[in-house]
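Remarks on the structure that follows.
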2 protein chains.
Amino acid sequence: MTSPRSTPKRYDDACGAAHGLELVGDRWALLVLRELMLGPRRFSQLRADLPGISANVLTQRLGEFEARGLLVKRKLAPPASVQVYELTPWGYEAEEILQVLGRWAARSPMHDATLPISGVSILISFRTMIDRTLARDMDLRVGFRFGEDEYVAHVADGAIEIARGDAGGGDIVLAGDPAGLAAAIYGDVPLDDLAAAGLLTLSGPREAFAAFSELFTLPPKASMPG
Amino acid sequence: MTSPRSTPKRYDDACGAAHGLELVGDRWALLVLRELMLGPRRFSQLRADLPGISANVLTQRLGEFEARGLLVKRKLAPPASVQVYELTPWGYEAEEILQVLGRWAARSPMHDATLPISGVSILISFRTMIDRTLARDMDLRVGFRFGEDEYVAHVADGAIEIARGDAGGGDIVLAGDPAGLAAAIYGDVPLDDLAAAGLLTLSGPREAFAAFSELFTLPPKASMPG
DNA sequence: CGGCATCCGGGAAGATACTG
DNA sequence: CAGTATCTTCCCGGATGCCG
């Protein structure tokens with residue numbers, strides 16, 4: 001008879017950051033939130049986007065988030081009748097944590113940008129890394145197609161808005177693997193190479209893509225002491 | 001002999017946030033960083049400021065941070081000859097993570113602000129929560145005494161600087177328990193009550209303290225769905 | 001098929017005792 | 001004081017199975 005939670009392992013610390021760790025500090029927790037940042041997702045989609053997470057842990061995280069008021073379980077109207085998980089407004093506000101954490105960690109000398117990446121991740125990184133000054137004079141819609149998932153980004157007025165939707169609505173459309181997109185934007189791998197490798201294809205003017213790509217640069221690496 | 005222990009549990013995810021979790025996502029890790037944010041500390045000080053952490057885990061976190069370039073072990077010159085742990089510049093940059101996480105978590109309906117808190121925590125929270133508009137027209141030095149540790153904060157030009165140093169250099173001085181200070185600033189507990197309870201004493205004009213206290217307010221709580 | 005319970009092995013964290 | 005050694009406990013991850 002395992003008592004449900006004899007020792008919930010809290011930090012017993014009034015510091016807000018400590019409480020934050022109790023809310024989203026468990027393994028995989030922030031990454032589950034990340035995958036929900038661009039709108040509701042289904043259980044199996046989350047599993048697919050988080051290679052390595054076990055169904056067990058995903059169930060547990062989703063349940064904890066619901067109990068804590070970070071997400072709600074919703075059932076779509078028939079005939080879909082599919083259950084999805086959707087962040088609450090407060091849940092969406094956690095994006096800033098992802099952004100600051102990601103921006104800081106991008107300076108790590110150990111960061112390996114060639115690992116696999118999810119579509120949501122790379123798009124969130126655009127919101128994180130965009131050069132708002134450069135984006136001030138731009139008005140561009142970019143469509144993205146990652147398998148079944150489609151998104152549209154709108155760069156205007158020094159900001160970028162991203163939402164799920166018909167990728168065809170973009171001035172340019174990028175289709176393929178999120179890792180290929182990362183290589184194109186952050187790794188400066190030529191589009192032709194990526195197309196040849198079957199990783200990414202561009203529809204639309206190259207100049208528009210080049211301008212879009214210029215918006216995003218990685219921060220300088222921190223140097224190791226000693 | 002400590003085995004290298006190059007984190008066997010990675011996320012295999014190129015996302016910066018995922019890498020950030022590999023760097024500072026382990027249990028207690030961010031809280032150890034927090035305690036180092038206002039300058040070097042010794043092993044036993046860290047243990048005292050993080051009630052609940054075991055010496056074993058603290059040793060491990062410090063070793064990992066050193067290997068990752070977030071801190072350096074330094075030995076003070078004789079006759080002190082004491083070993084201290086000091087963040088690198090990149091390590092200090094992690095403060096923004098603590099701030100964003102803390103600010104977000106302060107909106108949690110489950111946040112219990114009456115738990116114990118360390119001196120560094122409450123001072124960092126001032127950097128996090130300060131109303132920069134109100135601070136624009138202020139020029140005030142506040143000294144803090146928590147047991148052996150002394151700090152001075154300088155509010156000016158819409159910002160607050162905090163450093164270890166002689167608390168007596170402040171226009172006002174607050175001495176006592178960090179939790180008492182939190183109650184005074186965030187809980188609006190009257191100073192007289194706190195003084196009567198032996199938790200906090202103020203030296204200097206009350207009006208200055210009142211003005212200082214006005215700078216800090218907690219964000220509104222997020223509402224629970226359903 | 002989606003979601004959740006159960007069992008198990010391994011490893012990290014907690015607690016305590018010990019050492020230079 | 002600054003850790004290390006050891007033991008226990010608990011969480012994570014994988015596999016299986018139940019149930020809608």
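Residue numbers start from 1 in every chain, and the chains themselves are labelled A, B, ... in the order their sequence lines are given, proteins ahead of strands.
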Under 4.0 angstrom between B:Thr59 side-chain N/O and D:dG3 OP1 or OP2: no
Cationic tip of B:Arg145 above B:Tyr151 ring, under 6.0 Å, 45° of axis: no
Side-chain heavy atoms of B:Ile162 within contact of B:Val152, under 4.5 Å: no
Side-chain donor/acceptor of A:Asn56 to base of D:dG14, under 3.5 Å: yes
Sugar-phosphate, base or nothing in reach of B:Gly52, heavy atoms under 4.0 Å: sugar-phosphate
Nucleotide D:dA15, atom P - distance to CD1 of A:Ile53 in whole Å: 15 Å
Length of the CZ-P vector between B:Arg42 and D:dC1, whole Å: 7 Å
Cationic tip of A:Arg164 above A:Phe144 ring, under 6.0 Å, 45° of axis: no
Gap between atoms CG and C1', on B:Leu76 and D:dA2 respectively (whole Å): 14 Å
Sugar-phosphate, base or nothing in reach of A:Arg61, heavy atoms under 4.0 Å: sugar-phosphate
d(CG, B:Leu62; C1', D:dA2) in whole Å: 11 Å
Phosphate-side-chain proximity, A:Tyr11 and C:dA13, N/O vs OP1/OP2 below 4.0 Å: no
Length of the CZ-P vector between A:Arg10 and C:dG14, whole Å: 14 Å
Along DNA chain C (nearest heavy atom to each residue), the more 5'-positioned of A:Ala55 and B:Trp28: A:Ala55
Short side-chain N/O contact to D:dC1 OP1/OP2 from B:Gln83, under 4.0 Å: no
Backbone N/O of B:Tyr11 and side chain of B:Glu22: donor-acceptor pair under 3.5 Å: yes
Gap separating the CD1 atom of A:Ile185 from the CZ atom of A:Phe212, nearest 0.5 angstrom: 5.5 Å
Rounded distance in Å - CZ (A:Arg41) to P (C:dG2): 13 Å
Sugar-phosphate only, base, or nothing, as touched by A:Lys73 at under 4.0 Å among non-hydrogen atoms: sugar-phosphate
A:Ser44 vs C:dG2: side-chain N/O to OP1/OP2 distance below 4.0 Å: yes
